[in-house]
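Notes to accompany the following structure.
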Amino acid sequence: GLRVVTASDDKTARVWDARTGQALTEPLRHTKKVMSAQFGPDGLKVVTASWDGTAQVWDARTGQALTEPLRHANSVVSAQFSPDGLRVVTASDDKTAQVWDARTGQALTEPIRHVKKVMSAQFGPDGWFQPAFIHVAS
């Protein structure tokens with residue numbers, strides 16, 4: 001509870017000191033607005049999702065990218081860590097969700113396809129991805 005991460009239309013996410021409001025890292029930069037940002041379960045990583053068609057895993061202490069961008073064909077609107085922090089699931093306007101290795105940035109699944117934009121996806125409490133938790137835009 002001592003740090004906060006924000007996502008912004010200014011094409012960045014930021015990690016802040018929750019007590020002082022001071023930035024703790026350099027901005028986590030994308031080329032278009034950042035739709036979401038979330039800490040990993042250990043608090044050492046942040047994952048961001050952006051309209052630039054990527055998600056990115058960052059070091060929450062330094063602001064340095066830890067993986068290559070996790071690429072989709074259209075905007076990434078949501079990115080979430082698994083409960084153990086080893087995987088990330090992304091949801092995209094390209095009508096897919098995908099599971100990635102949070103350490104390497106490599107895709108662990110084929111794209112999970114829908115007929116409309118995927119607005120969010122999350123892992124089940126046991127850490128395994130459960131497609132029933134995918135929310136699709138109407």
Side-chain angles (χ1 to χ4, degrees):
L2 301 179
R3 293 174 298 150
V4 173
V5 64
T6 58
S8 176
D9 276 356
D10 71 4
K11 305 176 188 174
T12 70
R14 297 291 296 261
V15 178
W16 307 91
D17 184 304
R19 293 168 295 184
T20 67
Q22 297 298 308
L24 296 175
T25 66
E26 292 297 314
L28 313 179
R29 295 192 185 281
H30 282 268
T31 60
K32 293 188 178 175
K33 70 170 128 178
V34 180
M35 298 301 297
S36 71
Q38 179 195 47
F39 282 107
D42 62 5
L44 301 177
K45 296 178 185 170
V46 167
V47 65
T48 55
S50 173
W51 274 22
D52 66 8
T54 69
Q56 183 77 56
V57 179
W58 308 86
D59 185 308
R61 297 162 295 180
T62 67
Q64 297 299 306
L66 295 176
T67 64
E68 292 296 316
L70 314 179
R71 295 194 183 280
H72 279 266
N74 207 327
S75 301
V76 180
V77 295
S78 172
Q80 304 283 323
F81 281 102
S82 60
D84 61 10
L86 298 177
R87 293 172 305 280
V88 168
V89 62
T90 53
S92 174
D93 283 353
D94 70 4
K95 304 177 186 175
T96 68
Q98 192 149 7
V99 178
W100 310 83
D101 185 305
R103 293 165 295 181
T104 67
Q106 297 299 308
L108 296 175
T109 64
E110 292 296 317
I112 300 161
R113 301 195 184 282
H114 288 266
V115 282
K116 295 193 177 188
K117 298 174 183 180
V118 182
M119 303 307 292
S120 70
Q122 68 183 47
F123 289 90
D126 62 358
W128 291 100
F129 180 72
Q130 297 183 12
F133 288 0
I134 295 174
H135 304 286
V136 180
S138 52

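All figures in this text were calculated on a predicted structure; none of them were measured in a lab.
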**Request:** Sequence neighbours left out, what passes side-chain contact (heavy atoms from CB on, under 4.5 Å) with Arg14? Give chain and number order.
**Result:** Thr6, Thr12, Trp16, Ala23, Pro27

**Message:** If you define the side chain from C-beta out and look only at heavy atoms, does anything of Lys95 sit under 4.5 Å from Arg113?
**Reply:** no

**Request:** State, to 0.1 Å, how close Ser78 and Ser36 come at their nearest heavy-atom pair, and which atoms those are.
**Result:** CA-OG, 3.8 Å

**Request:** Mind listing the closest non-hydrogen atom pair of Ala91 and Ala121 along with its distance?
**Result:** CB-N, 4.0 Å

**Asked** If you look at every heavy atom in Gly43 and Ala60, which pair is closest and at what distance?
**Response** O-CB, 3.5 Å

**Prompt:** Side-chain contact, heavy-atom cut-off 4.5 Å: Val15 with Val46?
**Reply:** yes

**Nearest heavy atoms of Pro41 and Gly85, plus distance in Å** = CG-N, 3.5 Å

**Request:** Please test His114 against Thr96 for side chain to side chain donor-acceptor pair (under 3.5 Å), starting from the C-alpha separation and ending with a verdict.
**Result:** CA-CA 6 Å; His114 288 266; Thr96 68; over 6 Å; no

**Asked** Is the backbone of Ala73 close enough, under 3.5 Å, to the side chain of Asp94 for a donor and an acceptor to pair up by distance?
**Response** yes

**Pairs meeting criterion side-chain hydrogen bond (donor to acceptor under 3.5 Å, both in side chains) with involvement of residues 39-50, two or more places apart** = His30-Thr48, Thr48-Trp58, Ser50-Asp52

**Message:** Taking Val47's backbone N and O only, do any of them form a donor-acceptor pair with Gln56's side chain (distance below 3.5 Å, no angle check)?
**Reply:** no

**ILVMFWY cluster, Phe39 and Leu28 together (side-chain gap under 4.5 Å)** = yes

**Message:** With side chain to side chain contact (heavy atoms under 4.5 Å, CB included) as the criterion, how do Leu70 and Val88 come out once you've worked through the C-alpha distance, each side chain's angles and the decisive distance to 0.1 Å?
**Reply:** CA-CA 9 Å; Leu70 314 179; Val88 168; 4.2 Å; yes

**Of all pairs that satisfy salt bridge (Lys or Arg N to Asp or Glu O under 4.0 Å), the ones with a partner from residues 22-38, not counting sequence neighbours** = Asp9-Lys33

**side chain to side chain contact (heavy atoms under 4.5 Å, CB included) between Asp59 and Leu44, worked out** = CA-CA 6 Å; Asp59 185 308; Leu44 301 177; over 6 Å; no

**Heavy-atom side-chain contact between Phe81 and Gln38 under 4.5 Å** = yes

**Prompt:** Between Arg103 and Leu86, does a side chain to side chain contact (heavy atoms under 4.5 Å, CB included) hold up when you go through it step by step?
**Reply:** CA-CA 7 Å; Arg103 293 165 295 181; Leu86 298 177; 4.2 Å; yes

**Message:** Any non-hydrogen side-chain atom of Leu108 less than 4.5 Å from a side-chain atom of Arg87?
**Reply:** yes

**Request:** Show your reasoning for whether side chain to side chain contact (heavy atoms under 4.5 Å, CB included) applies to Thr62 and Thr25.
**Result:** CA-CA 6 Å; Thr62 67; Thr25 66; 5.9 Å; no

**Item:** Distance, nearest 0.5 Å, that separates OG of Ser75 from CE of Met35
**Value:** 7.5 Å

